[in-house]
Amino acid sequence: MAVIGLSGNLLYENSSIPKAFVNRSYVDSVIRSKGVPFLMPITEDEEIIKKMAENVDGIIMTGGVDVHPFRFNEEPIEKIGTISAERDDFDFKLMKYAAEMNKPILGICRGIQVINVYFGGTLIQDIPTQRNTNILHSQTAEYHVPTHKIQIVKNSIIYDMLGESSEVNSFHHQAIDKLAKDFKVTAAAKDGIVEAIEYKKKDSFILGVQWHPELMSAKSVKMQNLFDMFVEVCRSRK
């Protein structure tokens with residue numbers, strides 16, 4: 001069985017004692033795909049991060065707070081959201097080792113943004129103030145409810161899973177601006193906001209999606225299929 005690393009998050013809940021966690025929806029999505037979920041807690045220790053990357057067959061870069069604009073050589077604008085230097089440091093070190101080890105990577109929401117920035121791309125810091133759009137990218141509807149459509153490029157991993165268009169949920173105010181080198185956009189919203197990217201190098205597997213398939217997968221076979229596909233990729237490359 002493939003062991004799937006889940007990049008961790010920090011929670012400060014009515015206490016100064018931080019908790020290491022990932023949302024249960026990631027765990028459940030991996031388990032439904034017969035993968036073994038492995039929580040990768042945030043740490044500053046690079047040897048530990050390297051060892052965690054070595055011991056998994058693939059990595060899901062999970063959602064979370066904004067990526068600090070310093071990471072892509074910009075100053076924060078007024079509408080920047082919550083940032084975490086500690087999480088940025090961990091995620092970018094984890095990306096470094098995962099890329100060096102050629103581990104399959106699936107980035108979700110913040111995860112697609114981390115992938116893009118790590119490989120040299122940039123981000124829109126705040127869609128409502130920096131782009132002219134009438135699509136709500138940060139929904140108030142229930143988390144599993146799709147709220148806008150995406151158009152999908154043929155001859156892509158996403159197309160094989162979802163077809164030429166799909167309805168997705170949406171919980172972000174940042175998005176890809178300048179695309180990183182060696183990546184291609186494989187899905188976008190009707191306002192042009194990037195919704196999926198793939199790495200073009202054939203001997204590697206890196207896929208990023210801007211929506212949250214893990215929040216839809218319990219009710220959507222197609223979204224669960226994304227995790228089935230990723231776990232199978234990780235298993236086949238062991």
Side-chain angles (χ1 to χ4, degrees), residues 1-68 70-72 80-119 123 143 169 171-174 205-218 223 226-227 230-231 233-235:
M1 298 176 84
V3 177
I4 309 299
L6 302 171
S7 67
N9 207 339
L10 286 175
L11 178 67
Y12 295 87
E13 189 178 52
N14 304 321
S15 165
S16 60
I17 303 172
K19 297 175 175 62
F21 82 102
V22 295
N23 287 339
R24 180 72 183 271
S25 51
Y26 294 105
V27 173
D28 290 344
S29 296
V30 169
I31 289 173
R32 281 193 295 269
S33 298
K34 306 301 180 186
V36 180
F38 177 85
L39 171 59
M40 309 176 90
I42 291 174
T43 175
E44 296 177 2
D45 191 318
E46 285 205 43
E47 282 302 307
I48 298 296
I49 297 171
K50 183 178 180 182
K51 195 67 178 176
M52 287 194 290
E54 285 175 353
N55 281 280
V56 297
D57 300 308
I59 295 172
I60 296 177
M61 301 299 294
T62 64
V65 297
D66 288 359
V67 176
H68 200 304
F70 287 175
R71 293 279 174 176
F72 46 97
I80 190 73
T82 303
I83 54 176
S84 168
E86 192 173 6
R87 180 150 191 212
D88 281 351
D89 287 344
F90 173 76
D91 278 356
F92 281 84
K93 287 172 184 171
L94 181 58
M95 278 295 304
K96 172 181 179 289
Y97 288 116
E100 286 176 356
M101 296 175 193
N102 203 24
K103 302 283 184 175
I105 300 168
L106 171 61
I108 294 175
C109 198
R110 170 187 163 91
I112 188 178
Q113 297 164 11
V114 168
I115 290 168
N116 191 58
V117 173
Y118 174 80
F119 283 97
L123 301 179
Y143 62 83
N169 58 5
F171 297 93
H172 64 107
H173 79 118
Q174 292 195 317
F205 183 98
I206 305 177
L207 168 66
V209 299
Q210 186 58 72
W211 72 95
H212 281 270
E214 84 287 357
L215 296 177
M216 303 176 72
S217 58
M223 295 303 167
L226 286 175
F227 293 94
F230 183 68
V231 170
V233 167
C234 296
R235 188 193 65 77

For this session: Could you pull out all residues at least two apart from Met1 that satisfy side-chain contact (heavy atoms from CB on, under 4.5 Å)?
Result: Lys34, Val36
Exercise. Mind checking what makes side-chain contact (heavy atoms from CB on, under 4.5 Å) contact with Asn169, not counting sequence neighbours?
Worked result: Gln139, Phe171, Trp211, His212, Leu215, Met216
Problem set entry | Check: Cys234 and Ile4 side chains under 4.5 Å, non-hydrogen atoms | yes
Problem set entry | Partners passing ring-ring contact (aromatic ring centres under 6.0 Å, His included) against Phe119 (at least two apart in sequence or in another chain) | Phe183, Tyr199
Problem set entry | Stepwise side-chain contact (heavy atoms from CB on, under 4.5 Å) test for Val22 and Asn9 | CA-CA 6 Å; Val22 295; Asn9 207 339; 5.8 Å; no
For this session: Taking all heavy atoms of Phe230 and all of Ile60, pick out the closest pair and write down the distance.
Result: CE2-CG1, 3.8 Å
Problem set entry | side-chain contact (heavy atoms from CB on, under 4.5 Å) involving Asp28 - partner list, sequence neighbours excluded | Arg24, Arg32
For this session: Could you please spell out the steps behind the side-chain contact (heavy atoms from CB on, under 4.5 Å) verdict for Phe227 and Leu106?
Result: CA-CA 9 Å; Phe227 293 94; Leu106 171 61; 4.3 Å; yes
Exercise. Does Asn55 use its side chain to pair, donor to acceptor, with the backbone of Lys51 at less than 3.5 Å?
Worked result: yes
Exercise. Given Ser217 and Leu226, is the side-chain contact (heavy atoms from CB on, under 4.5 Å) satisfied, shown in steps?
Worked result: CA-CA 9 Å; Ser217 58; Leu226 286 175; over 6 Å; no
Exercise. Looking at residues at least two apart in the chain, or sitting in another chain, which of them share a side-chain contact (heavy atoms from CB on, under 4.5 Å) with Val56?
Worked result: Val3, Phe38, Met40, Ile59
Exercise. Would you say the side-chain atoms of Asp66 pair up with the backbone N or O of Gly81, donor to acceptor, closer than 3.5 Å?
Worked result: yes
For this session: Work out which heavy atom in Leu10 is nearest to a heavy atom in Ile42; give both atom names and the distance.
Result: CG-CD1, 3.8 Å
For this session: Only counting residues at least two apart or in another chain, list the ones meeting ring-ring contact (aromatic ring centres under 6.0 Å, His included) with His173.
Result: none
Exercise. Closest approach of Ile115 and Gly208, non-hydrogen atoms and distance?
Worked result: CD1-CA, 4.5 Å
For this session: Report the residues that fulfil side-chain hydrogen bond (donor to acceptor under 3.5 Å, both in side chains) with Tyr26, sequence neighbours left out, ordered by chain and then residue number.
Result: Glu214
Exercise. Does a side-chain heavy-atom distance below 4.5 Å link Pro41 with Met52?
Worked result: yes
Exercise. Can you check side-chain contact (heavy atoms from CB on, under 4.5 Å) on Val65 and Ile83, steps first, answer last?
Worked result: CA-CA 6 Å; Val65 297; Ile83 54 176; 5.6 Å; no
Let me have the donor-acceptor pairs involving side chains of residues 84-96, under 3.5 Å, with sequence neighbours excluded, atom names and distances please.
residue	atom	partner	partner atom	Å
Ser84	OG	Arg87	N	3.1
Arg87	NE	Gly8	O	3.3
Arg87	NE	Asp91	OD2	3.4
Arg87	NH1	Gly63	O	2.8
Arg87	NH2	Thr62	O	3.3
Arg87	NH2	Thr62	OG1	2.9
Arg87	NH2	Gly63	O	3.3
Asp88	OD1	Arg110	NH1	3.3
Asp88	OD1	Arg110	NH2	2.8
Asp88	OD2	His68	N	3.1
Asp89	OD1	Arg71	NH2	2.4
Asp91	OD2	Arg110	NE	3.0
Asp91	OD2	Arg110	NH2	3.0
Lys96	NZ	Glu100	OE2	3.2

Exercise. So which pairs with a foot in residues 39-50 pass side-chain hydrogen bond (donor to acceptor under 3.5 Å, both in side chains), sequence neighbours left out?
Worked result: Glu46-Tyr97
Exercise. Has the side chain of Gln113 got a donor or acceptor atom that lies under 3.5 Å from a matching backbone atom of Gln174?
Worked result: yes
Problem set entry | Cys109 versus Ile112, closest heavy-atom pair with distance | O-CG2, 2.9 Å
Exercise. With sequence neighbours excluded, what pairs up with Asp57 under the side-chain hydrogen bond (donor to acceptor under 3.5 Å, both in side chains) test?
Worked result: none
Exercise. Who passes salt bridge (Lys or Arg N to Asp or Glu O under 4.0 Å) against Lys19, sequence neighbours left out?
Worked result: none
For this session: Mark yes when over 12 heavy atoms from residues, nucleotides or ligands other than Tyr143 sit less than 6.0 Å from its OH; otherwise mark no.
Result: no
Problem set entry | Minimal non-hydrogen separation, Pro37 against Val30, with atom names | N-CG1, 3.9 Å
For this session: Of all the heavy-atom pairs spanning Leu39 and Ala20, show the shortest one and how long it is.
Result: CD2-O, 4.3 Å
